[in-house]
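Counting convention: from 1, in listed order, for ligands and their atoms alike.
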Amino acid sequence: MDTNTSHRKERIADDWFADAFGDLYPVVYAHRTVDAAAPEAVFAAATTGLAGGHRALDLCCGAGRHLVTLEQYGALLTGADYSPQLLSLARKRLSAATALIRADMRALPLAACFDVVFSFFTSFGYFLNDADNLAAAVNMARILKPAGRFFMDYLNPLSLDRRLEPESRRESQGYIIYERRWIDWRAKRVNKKITVERDGIPLGTTTESVRLYTLEELTALLKDAGLRVEAAWGDYTGSVYEEDAARMILTGAKTT
Ligand SMILES: C[S@@+](CC[C@H](N)C(=O)[O-])C[C@H]1O[C@@H](n2cnc3c(N)ncnc32)[C@H](O)[C@@H]1O
């Protein structure tokens with residue numbers, strides 16, 4: 001199926017992420033809870049060797065749902081995100097000892113003091129320009145101490161087309177959520193347009209757009225950024241990554 005055809009003329013704004021993670025995001029992703037994130041955080045902590053006394057950054061922490069579990073490891077935690085709305089939700093659920101900062105992942109105002117950096121739930125590949133995506137990876141590497149470790153949970157482009165539901169309508173907590181998804185193979189991106197309604201009144205429309213990288217492409221990009229991929233999993237049960245995998249979960253270390 002050519003999932004691109006009917007959407008060929010739709011333009012994605014360069015800064016789509018400035019709107020997409022606002023007040024409607026917690027409505028659309030209400031099922032992405034602290035409980036759902038807990039086993040993901042445990043897996044990420046185990047695969048990176050997170051331990052008490054480590055400094056760790058949850059890059060693009062959103063509402064802090066992984067940080068809640070990571071707080072149990074006795075590490076010194078920081079969450080960074082661009083969305084003021086999601087950071088304020090995070091602040092309410094996290095301990096005062098967990099630092100939260102508003103920052104763009106391309107320009108993190110943080111020193112090279114972290115033992116571990118986490119990137120959960122497809123929080124990468126947002127920029128239309130490949131140089132900006134590289135800049136985000138360079139920042140992940142830069143804020144790590146020598147040999148510091150990274151964790152990145154990304155989508156698997158090889159199974160995406162088969163899994164993609166082009167259109168859906170669902171109800172959640174009194175809201176009606178319409179989602180339209182398509183792959184733009186030319187731009188190598190998967191896009192989603194989301195409209196939320198309540199009581200027949202449209203509350204807003206947001207767009208999401210993520211760059212599709214094969215394992216080889218993402219490994220090469222991370223290598224250019226100074227990060228060496230050491231393992232690739234296909235899901236949070238620890239299955240080895242393969243073409244049909246649900247996810248592409250990478251861990252490794254800073255090379256310099
Ligand atoms: C898919 S959400 C994941 C959030 C969180 N990791 C989770 O699993 O719930 C992506 C996150 O990236 C943040 N984000 C988007 N663009 C960003 C940017 N340029 N710099 C920093 N954070 C950004 C969003 O605000 C959002 O919280």
Subject >> R149 and T47: side chain donor to acceptor below 3.5 Å >> reply: no
Original post:
Using a distance-only test with no angle check, is there a side-chain donor-acceptor pair under 3.5 angstrom linking D35 and T33?
Top reply: no
**OP:** Taking only Lys NZ, Arg NE, NH1 and NH2, and the carboxylate oxygens of Asp or Glu, determine whether R180 and E167 approach each other closer than 4.0 Å.
**Re:** no
Subject >> Whether W16 side chain and Y126 backbone form a donor-acceptor pair below 3.5 Å >> reply: yes
Under a 3.5 Å threshold, I'd like every N/O contact between ligand 1 and protein atoms, with atom names and distance.
| from | atom 1 | to | atom 2 | distance (Å) |
| --- | --- | --- | --- | --- |
| ligand 1 | 6 (N) | C60 | O | 2.7 |
| ligand 1 | 6 (N) | F120 | O | 3.4 |
| ligand 1 | 8 (O) | R65 | NE | 3.3 |
| ligand 1 | 8 (O) | R65 | NH2 | 3.0 |
| ligand 1 | 9 (O) | R65 | NE | 2.6 |
| ligand 1 | 20 (N) | M105 | N | 2.8 |
| ligand 1 | 22 (N) | Y82 | N | 3.3 |
| ligand 1 | 25 (O) | D81 | OD1 | 2.5 |
| ligand 1 | 27 (O) | D81 | OD1 | 3.3 |
| ligand 1 | 27 (O) | D81 | OD2 | 2.6 |

**OP:** Sort and list the pairs that fulfil salt bridge (charged side-chain N to carboxylate O under 4.0 Å, His left out) and have at least one residue in residues 65-85, not counting sequence neighbours.
**Re:** none
Original post:
Between the side chains of T255 and R228, does any donor sit under 3.5 Å from an acceptor?
Top reply: no
